[in-house]
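Below is one structure, written out as structure tokens; the observations come after it.
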Amino acid sequence: MHNSMESDLPTSKLLYPFDEHAQLRQLRSKFDRLSTYLCYRFSSKSTIDVRSRPYTIWTIADRSRNDDRDSSVVASSRLFKHIAAQVWAKGTAATLKLDFVKSLKSMCKERGTNEKIFDSIEALYEDDTSIITKGFWTAVGACPWKLLEFLWRRKHHNQHWQGLLQGLRDTEFNISSSIDNSTKIIGNRELNRSLKNLASLLSSVISQANDQISDNIHHVMNEI
């Protein structure tokens, strides 16, 4: 990697060509930084087997189906995995789509702590739906008839045409916001704050899951 942290993080930078998320460090913060998504973790030949690799926020969703898995934990881990994949693919231009957040939220326990954190992430998109500032009206997702109604009510009855032209000049249509409905990942402090809370919730589950991993590692070492 360049010292300037180039805008993309290609998969060619992986330490080995499989289980890419297992190569990310276990973190509980700094999810708004590009360096967080660099691959640093490397397993030895003796412990590279999936049964010997410690779980992290990126991989706890991959536990065996025989385990009693909390769907809230799975949803949270999948969010982290998805974010990492987006950053690897797009670098500083990576975004998180609202629809994806909602789909994972539906997996969480109703009125649970995880669901509340997903609610806080959803709230980040609210400021993008409609913005009214002095001098112009940003109309996002507004129907044409609503815009005309606004103009006709505000302008003098004997100046309809002039009012319509002036209103169109003063109106900015933010089409991309209504269609894409996404928020940036890198540099997004508000999103990072919610992700920190989510990572903190996963800590105890990860610790418990890694107790079995520790036993597996001891077993492997005793056979060497």
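- Formation of a donor-acceptor pair under 3.5 Å by the Thr95 side chain with backbone atoms of Thr183 is not found in this model.
- At least one side-chain heavy atom of Leu201 sits less than 4.5 Å from a side-chain heavy atom of Thr113.
- Using a 4.5 Å cut-off on side-chain heavy atoms (C-beta onward), Leu104 and Val74 make no contact.
- The side-chain contact (heavy atoms from CB on, under 4.5 Å) search around Val205 returns Ile60, Arg63, Val73, not counting sequence neighbours.
- Side-chain contact check for Asp32 versus Ile186: every heavy-atom pair is 4.5 Å or farther apart.
- Residues Thr92 and Val87 form no side-chain contact, since every pair of their non-hydrogen atoms from C-beta on lies 4.5 Å or further apart.
- Counting only heavy atoms from C-beta outward, the side chains of Leu24 and Thr56 never approach each other to under 4.5 Å.
- The CD atom of Glu20 lies 8.0 Å from the SG atom of Cys39; values are rounded to the nearest 0.5 Å.
- Aromatic ring centroids of His21 and Trp88 lie under 6.0 Å apart.
- Using a 4.5 Å heavy-atom threshold, the side chains of Asn210 and Ile206 count as touching.
- Using a 4.5 Å heavy-atom cutoff, the side chains of Arg78 and Met107 are in contact.
- A salt bridge links Lys81 with Asp62: the distance from a Lys NZ or Arg NE/NH1/NH2 to an Asp or Glu carboxylate oxygen falls below 4.0 Å.
- Remark: Leu27 CG to Leu195 CG distance equals 11.5 Å, nearest 0.5 Å.
- Counting only residues at least two apart or in different chains, salt bridge (Lys or Arg N to Asp or Glu O under 4.0 Å) contacts with residues 101-116 comprise Lys105-Asp119, Lys105-Glu122.
- Looking at Tyr55 and Ser77, their side chains never come closer than 4.5 Å, going by heavy atoms from C-beta outward.
- The ring-ring contact (aromatic ring centres under 6.0 Å, His included) check on Phe31 picks up Phe80, with sequence neighbours excluded.
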